[in-house]
Amino acid sequence: MSQNESPTSARVLIVDDDENTLEILRRWLAKEGYTTVSAADGQQCLDALAKEEFDIVLLDVMMPGVDGMQVCERMRANPEWRTIPVILLTAKDDMETRTRGMALGVSEYLTKPINKQELFSRLRAQAHTRELDRRMDRTAAAIAEMGDD
Amino acid sequence: MAVTMENFVIKGSHPVMEKILQVAQKVASTDSTVMIQGESGTGKELIARYIHAYSRRANQPFIAVNCGAIPPDLLESEMFGHERGAFTGAVGARMGMFQLASGGTIFLDEIGEMTSTLQVKLLRVLQEREIRPVGADRTVKVDVRVVAATNRDLAMEVEKGRFREDLYYRLQVIPVLLPPLRERRSDIPVLVQHFLDKYNAKHDSRRCTIADDAMVHLWEYDWPGNVRELENLVERLVVLSEDAYVQVDHLPPNIRSFISEKKIPRPSLTEEGIDLNKAVEEFEYRLIDEALRRTKGNKQAAARLLGLKRTTLVAKLRRKGGGANQAEGYLI
Ligand SMILES: Nc1ncnc2c1ncn2[C@@H]1O[C@H](COP(=O)(O)OP(=O)(O)O)[C@@H](O)[C@H]1O
Ligand SMILES: [Mg+2]
């Protein structure tokens, strides 16, 4: 439907322990109009989630300390975070990791090397669903108001 | 989450779908007009039937009209009926769908396809709650709940002047927005299991299950035909599976190759030849990635695995981060 929408203003949390990757992603997304916050590991990611609201999390899997899968688990267990779409960006190109991601309810799975256009199209898709989600909140509010009358 | 009515079930685990089902449940008990927007096969008609089934109109008719499938010059009489002799071929008077749906729900599917003349007439019906059969000089009161659906972006259609703004706002009282399946992948495993159960039961003795990696392939596929395409495939898999265990090999080739095509194709020597330097560089990067993966990102250990000095590896990593591959549009 709205796959080719104009540049988005979605807020994206980028998480990768590799400085280079983080910086390239930040530049790519900024150019596309996304607002980004960077986190260098899983713990920083959780801290950022606790502090501000995000529309999408771009998440590396292999990181020291709290890794990407653990971040997913914590996000799923948190009522406020469980609805935030997670796009896994990982060098792990195997079925086990994919199966785990799927079981943890991630939204997308992209293997490194990442194709830029592919990443953008997945980001747009998740930003789109996020927008639908917000509009469904408005619909729910409209119905609640009807009930009050 | 699952909502079951006699003969239909809506399945989903994605947060948006949970929200949509809550809205559908709540709106069912009202008489509000509902507008469902979503690509073909996302479950618009299912939601419409669900809303009807949960409404006080449940024991009255649910009538579906596909506005896109009926020729425009016939649609008016289909919807509102006609008098005898109203047009050539109208040998007798006939009731329209609105009257047939009396007391119940009318589902106006593909409403974006309606001509502007008919849009005006429909707007009147929604305002006055009465219809005028083609060729009739009287109007008839109707008590019908309207649920409309479209696969178009109606707001855009309004902007382009193809859909009346006043009708749009009449219909848009309760908008329900169904995302395509590829935007809510977490629904896929739930739906696959649901359709396996459904078609196992239909083909009585079957106990078909699916392998994890086959499920992953279904999960990663983009499903242009949405849930309908998924359902059709699962039925085919159940019917065709010989050992009742669906594996990757049993999946259609386009789904099987989907994961690998998302990535850069492996370099191979073709008629046109290749850029050897670039291919070698890519091969190098893949091995470096693999080494870092195995050593959990420890550069010293990765360098040892590759027979490199740590400084050489770090230099290569720096190059790969901001080097040629980035210009190609890839990130490694
Ligand atoms: N969430 C769902 N749970 C179970 N079945 C579904 C779901 N969504 C769609 N389906 C099934 O997929 C098929 C297509 O759905 P349908 O409502 O006809 O889509 P649309 O009207 O949007 O084209 C139907 O057989 C429907 O029962
Ligand atoms: Mg349909």
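Basis for what follows: all heavy atoms, side chains included, without hydrogens, waters or symmetry-related copies. Below, read A as the first sequence line, B as the second, and so on, with proteins coming before strands; counting in each chain starts at 1.
Taking 4.0 Å as the cut-off between side-chain N and carboxylate O, B:D31 and B:R56 count as a salt-bridged pair. A salt bridge does not link B:E157 to B:K160: none of the charged side-chain nitrogens sits closer than 4.0 Å to a carboxylate oxygen. One finds no salt bridge joining B:R184 and B:E18 here, because no Lys/Arg side-chain nitrogen approaches an Asp/Glu carboxylate oxygen to under 4.0 Å. Under 4.0 Å is where a charged nitrogen must lie from a carboxylate oxygen, and between B:E113 and B:R152 at least one such pair does. A salt bridge does not link B:K44 to B:D109: none of the charged side-chain nitrogens sits closer than 4.0 Å to a carboxylate oxygen.
Looking at B:N298, there are no atoms closer than 4.5 Å to chain A (heavy atoms on both sides), in backbone or side chain. With a 4.5 angstrom heavy-atom cutoff, B:S29 does not touch chain A via any of its atoms. Contact annotation for B:P175: both backbone and side-chain heavy atoms come within less than 4.5 Å of a heavy atom of chain A. Interface remark: A:R130 contributes no atoms to any contact with chain B (heavy atom separation under 4.5 Å). Contacts of A:M102 with chain B are made by both backbone and side-chain atoms, with heavy-atom separations under 4.5 Å. Contact annotation for B:M156: neither backbone nor side-chain heavy atoms come within less than 4.5 Å of a heavy atom of chain A. In this structure, no portion of A:V61 lies under 4.5 Å from any heavy atom of chain B.
Among the candidates A:D137, A:D67, A:D133, the residue making the largest number of heavy-atom pairs closer than 4.5 Å to chain B is A:D133. Comparing A:A140, A:S107, A:A142 by heavy-atom pairs within less than 4.5 Å of chain B, the highest count is held by A:S107.
Between B:W223 and B:Y221, the ring-plane angle classifies as perpendicular under the 30° and 60° cut-offs.
To the nearest 0.5 Å, atoms CG (A:D18) and NZ (A:K112) are separated by 6.5 Å.
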